[in-house]
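A quick write-up on the structure given underneath.
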There are 2 protein chains.
Amino acid sequence: MTDRYASFVQSGAGRALVKRLGLPDPPRLRRHTPGDPLLPGPVLLGAATGGRLTEPVTAILTAAGVDVRTGTGTTPPTAGHDDAAADGPAGRNERAGNGGAPAGRFGALVYDATGITDSTGLRQLYDFFHPQARSVLPSGRVIVLGTPPAGCGSPREATAQRALEGLTRSIGKEFGRGVTAQLVYVTPEGDAGTPTSLEATLRFLLSGRSAYVSGQVVRVGTGPAAVPADWDRPLAGQVVLVTGAARGIGAAVARVLARDGAQVVALDVPAAGDALAAVANEIGGTAVQLDLTGADAPTRLADHLADRHGRVDVVVHNAGITRDRTLGRMDADRWDAVLDVNLSSQERINDVLLERGLIPGGGRLVAVSSIAGIAGNRGQTNYATSKAGVIGLVDALAPALAGRGISVNAVAPGFIETRLTARIPLVIREAGRRMNSLAQGGLPVDVAETIGWLAWPASAAVSGNVVRVCGQSLLGA
Amino acid sequence: MTDRYASFVQSGAGRALVKRLGLPDPPRLRRHTPGDPLLPGPVLLGAATGGRLTEPVTAILTAAGVDVRTGTGTTPPTAGHDDAAADGPAGRNERAGNGGAPAGRFGALVYDATGITDSTGLRQLYDFFHPQARSVLPSGRVIVLGTPPAGCGSPREATAQRALEGLTRSIGKEFGRGVTAQLVYVTPEGDAGTPTSLEATLRFLLSGRSAYVSGQVVRVGTGPAAVPADWDRPLAGQVVLVTGAARGIGAAVARVLARDGAQVVALDVPAAGDALAAVANEIGGTAVQLDLTGADAPTRLADHLADRHGRVDVVVHNAGITRDRTLGRMDADRWDAVLDVNLSSQERINDVLLERGLIPGGGRLVAVSSIAGIAGNRGQTNYATSKAGVIGLVDALAPALAGRGISVNAVAPGFIETRLTARIPLVIREAGRRMNSLAQGGLPVDVAETIGWLAWPASAAVSGNVVRVCGQSLLGA
């Protein structure tokens with residue numbers, strides 16, 4: 001669970017050596033603490049001609065206490081970070097000759113690309129990002145806002161909007177120093193204004209909560225969303241079930257959701273009872289010992305939730321197991337156990353909770369998929385099949401439950417530092433850690449923060465997404 | 001353009017050394033020569049209960065001269081390949097204890113999974129593939145047939161069908177020895193029978209034409225498709241335009257399409273005139289020297305096609321350039337040139353050819369995207385943006401042109417051995433070559449064969465696909 005290489009690199013002596021030898025240089029990532037400002041510096045906000053989001057985004061950012069500069073401003077913001085001059089000559093050279101570009105360093109570059117209706121208009125992206133390529137502070141953010149291609153008015157517009165993905169993912173791979181890059185497709189709301197869910201999504205992506213999320217395409221739909229009284233307690237009053245909560249990612253989810261104000265029901269198998277009780281006590285939640293694969297488990301769980309809380313606002317399907325073998329050497333029990341825990345039991349529980357009306361309107365289902373469910377993996381036919389199924393579940397249930405105001409999303413973790421990954425042989429573990437844009441493994445809290453965002457009442461119109469928490473891993477499909 | 005490591009490994013002495021040291025072991029891939037049988041051995045065909053494709057697939061395979069065994073057969077096929085006994089004890093052990101499983105070695109495993117309507121039914125995949133995991137001949141094939149999740153009758157069915165992707169991609173990573181694995185989603189045709197395009201797709205995927213295609217999800221729609229008089233000349237009588245045809249992938253496309261019977265119009269810039277003329281002469285085609293970025297290029301091209309041929313059945317948008325720099329160091333000319341050649345000029349040409357009715361019903365647009373358009377790439381913001389745009393173009397134009405019987409697809413090459421990749425520094429080149437399930441770079445002919453399949457009249461109902469030709473590269477989004 002300790003990345004000794006990253007600790008070494010982040011020390012003074014290690015830093016010098018790594019730079020000299022050209023070794024991977026995992027930056028120290030900015031992570032969230034309640035009360036933190038959203039960003040370590042101002043936002044530079046730009047827009048293509050005809051964009052529809054500049055005004056609402058300015059309002060959202062200003063309300064969040066962010067200093068917003070626009071693409072044509074010339075006031076140099078104060079260099080608010082001790083790493084501000086670390087770029088050396090390259091950084092200075094690259095800004096030479098861009099007379100009108102805003103100078104200084106930014107916590108984030110946000111670009112409204114919704115006005116681009118033809119591939120020739122993509123040049124505006126270059127005009128905005130080229131002079132600013134070195135101006136983003138460490139652990140800063142790049143966010144490109146677009147229109148979902150399927151909702152565009154012409155093939156030319158759809159083509160240009162889809163092209164944004166290539167730019168964003170390339171920036172995620174180029175900028176380094178813990179800077180992440182995301183593309184957010186925002187469904188046009190017509191006369192009804194901006195989807196309020198954009199506020200939750202922007203706050204998550206700009207903040208340290210999204211430290212290990214990069215190179216992602218997030219889709220924000222239409223419709224109203226609740227705005228929390230306190231953005232540091234966005235889950236206040238929510239009853240949340242977290243399965244597999246005794247340790248690892250599940251325990252981190254329970255802690256983060258409780259920190260964000262939720263009343264947490266922490267569930268795990270009886271064999272993990274002590275660890276589970278410790279987590280539940282720590283966060284002021286309750287513990288449920290239950291084997292989810294039991295035939296009566298869905299009913300027992302539903303009874304428990306009905307009796308104690310009368311409802312469950314958020315269900316986090318985190319419980320999962322691995323039983324790795326190549327297919328030729330895998331016995332049937334390994335296949336069955338993984339499919340049942342990771343996928344089938346989840347379906348049975350959803351069905352019972354929904355049938356009994358225990359998930360109210362505004363409810364949230366958040367499932368844990370995996371990079372293996374996207375890319376497949378040697379030795380994990382069972383696990384990859386189950387986790388690809390979870391993606392199918394999101395794709396199928398999200399539209400089916402939209403009418404009831406229930407959102408359905410998944411996270412797909414990449415290499416996360418846990419008890420399990422600590423057992424991976426050193427060379428493979430090192431490859432997994434470094435083969436991503438952030439050159440390090442993520443932490444359980446990174447997955448937990450992402451699940452938290454998807455669980456917020458304020459994220460109502462974020463549904464049907466599978467968001468990777470993988471540091472923009474090179475691995476994919 | 002030479003993979004000396006692969007040549008060494010495939011030699012006797014190299015083979016022994018590589019096995020002893022555990023080095024990457026790139027197999028010699030089976031590639032297509034006209035007149036070849038479809039497969040080096042029989043097909044083992046299995047099906048989940050209630051599957052709808054066993055009968056039509058049996059008919060297709062039998063018509064193609066393939067020896068079809070069913071999942072419950074017991075007759076051992078003749079070991080028809082000199083590598084048949086090379087597996088050693090592991091291969092034998094893994095089949096022990098599966099009394100009813102068909103013995104012997106197979107050219108392909110084909111499984112009809114359309115009958116799986118719930119995640120608990122996925123166990124049938126294990127029952128079929130587990131005992132056969134070592135029975136596939138080198139360069140053999142695994143093909144799983146499913147129903148597109150979006151067209152499924154219930155969330156449970158959609159979930160199970162989506163889960164197939166995890167299995168298939170994992171098998172692609174596990175089986176080795178040049179074996180490829182694909183998932184083909186076949187839209188149900190109702191009472192009208194099986195889409196005839198399934199025949200073209202199965203023939204392509206089983207044959208050596210698809211040598212470097214693995215881990216892909218192909219979608220086959222409904223509707224009739226022309227069956228060629230001779231499957232060795234599936235493009236007989238077709239007028240095909242290939243841009244960027246003077247060298248590399250474009251020249252390979254021109255050669256393969258001519259071999260398959262097409263009348264090829266080979267286009268490239270005037271500066272490449274000599275190389276272009278040589279290609280055109282070699283294949284009995286015609287050469288057009290034209291800079292596609294010129295304002296009058298679309299009109300001049302349309303005039304030429306109208307005058308000489310009266311139409312163009314297939315347009316292969318292969319012309320593309322790279323002008324790599326990180327975004328901060330990229331001058332505007334590099335951005336503009338790449339976007340214009342790789343994307344905007346393609347749109348202008350499509351529009352003019354379509355407006356003038358030069359692409360008849362049954363026409364084909366095939367564009368060349370890139371793995372960089374899917375995953376992004378450091379130093380290629382311009383290229384990745386343009387190639388992501390090509391994917392958008394396919395997504396947008398395919399439904400828009402479906403009513404005219406015109407299909408729109410793209411290929412996305414991974415690491416292909418060309419003049420350009422030969423210039424990549426050795427270490428990066430080696431990483432690119434080995435980081436895929438086949439442990440080697442592809443050849444231009446592999447991209448060309450894939451484009452050929454998408455161009456066939458018999459592929460009418462294959463539209464809106466982006467098919468990677470990347471040996472199941474680890475790189476993705």
Side-chain angles (χ1 to χ4, degrees), chain A residues 94 119-120 122-123 125-126 129-130 133-134 149 152 155-156 158-163 165-174 215 326-330 332 335-336 339 343-344 347 372-373 375-381 384-389 391-393 395-397 400 474-477, chain B residues 94 119-120 122-123 125-126 129-130 133-134 149 152 155-156 158-163 165-174 215 326-330 332 335-336 339 343-344 347 372-373 375-381 384-389 391-393 395-397 400 474-477:
Chain A
E94 294 187 54
S119 65
T120 54
L122 293 166
R123 166 65 184 273
L125 296 165
Y126 171 85
F129 284 108
H130 162 68
R134 280 286 180 160
C152 287
R156 289 267 183 127
T159 298
Q161 290 295 318
R162 180 61 178 76
E165 202 176 312
L167 177 86
T168 312
R169 292 197 200 270
S170 298
I171 286 177
K173 293 185 175 184
E174 266 188 34
T326 55
L327 190 50
R329 295 174 186 279
M330 184 183 292
W335 178 275
D336 290 343
L339 267 291
L343 182 57
S344 303
E347 295 179 288
N377 198 14
R378 187 180 146 77
Q380 293 196 313
T381 44
T385 301
S386 72
K387 294 299 191 178
I391 297 173
L393 186 152
D395 292 343
L397 278 190
L474 299 184
L475 302 186
Chain B
E94 291 187 56
S119 65
T120 54
L122 294 166
R123 167 65 184 272
L125 296 165
Y126 172 85
F129 284 109
H130 162 67
R134 280 287 180 160
C152 287
R156 289 267 183 126
T159 298
Q161 290 294 318
R162 180 62 177 75
E165 202 175 312
L167 177 86
T168 312
R169 292 196 200 272
S170 298
I171 285 178
K173 292 184 175 182
E174 268 189 32
T326 55
L327 190 49
R329 296 175 186 277
M330 186 182 292
W335 178 275
D336 291 343
L339 267 292
L343 182 57
S344 303
E347 294 178 289
N377 199 15
R378 188 179 145 77
Q380 294 197 312
T381 44
T385 302
S386 72
K387 294 299 191 179
I391 296 173
L393 186 152
D395 292 344
L397 278 191
L474 299 185
L475 302 185

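Quick note: numbers below take in every heavy atom, side chains included, and nothing from hydrogens, waters or symmetry partners. As the structure is a prediction and not an experimental result, all values here were calculated from the model. Letters A, B, ... mirror the listed sequences (proteins, then strands); counts begin at 1.
For the set B:G379, B:G373, B:A372, the entry with the most heavy-atom pairs within less than 4.5 Å of chain A is B:G379. Each of A:A384, A:P155, A:S119 has some count of heavy-atom pairs under 4.5 Å with chain B, and the biggest count is that of A:S119. Contact tally against chain A (heavy-atom pairs below 4.5 Å) for B:A375, B:S386, B:A400: the top residue is B:A375. Of all the listed residues (A:D395, A:L393, A:T168, A:L397), the one sharing the greatest number of non-hydrogen pairs under 4.5 Å with chain B is A:L393.
Of all heavy-atom pairs between A:A396 and B:A158, the closest is CB-CB, 3.8 Å. Considering every non-hydrogen atom in both B:A388 and A:G166, the closest pair reads CB-N, 3.5 Å. B:T159 and A:G389 get closest at one heavy-atom pair: CG2-O, 3.1 Å. The two residues B:R169 and A:A477 have their closest heavy-atom pair at CZ-CB, 3.4 Å.
Heavy atoms of B:L474 lying under 4.5 Å from chain A belong to its backbone as well as its side chain. Residue contact with chain B, scored on non-hydrogen atoms closer than 4.5 Å, involves the side chain of A:L339 exclusively. Only the backbone of B:Q380 comes within contact range of chain A, with at least one heavy atom under 4.5 Å from a heavy atom of that chain.
The CD atom of A:E174 sits 5.5 Å away from the OG1 atom of B:T326 when rounded to the nearest 0.5 Å. Here the straight-line distance linking atom CZ of A:R156 with atom CG of B:L343 works out to 9.0 Å at 0.5 Å rounding. Rounded to the nearest 0.5 Å, atoms CZ (B:R134) and CG (A:L327) are 11.5 Å apart.
For B:R123, the salt bridge (charged side-chain N to carboxylate O under 4.0 Å, His left out) criterion is met by A:D336, B:D127, not counting sequence neighbours.
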Check step by step if side-chain contact (heavy atoms from CB on, under 4.5 Å) holds for B:I171 and A:T381. CA-CA 7 Å; B:I171 285 178; A:T381 44; 4.2 Å; yes
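Residues A:T120 and B:S344 have side chains that never bring a donor and an acceptor to within less than 3.5 angstrom of each other.
Remark: the backbone N or O of A:R378 is not paired with any side-chain donor or acceptor of B:S170 at under 3.5 angstrom.
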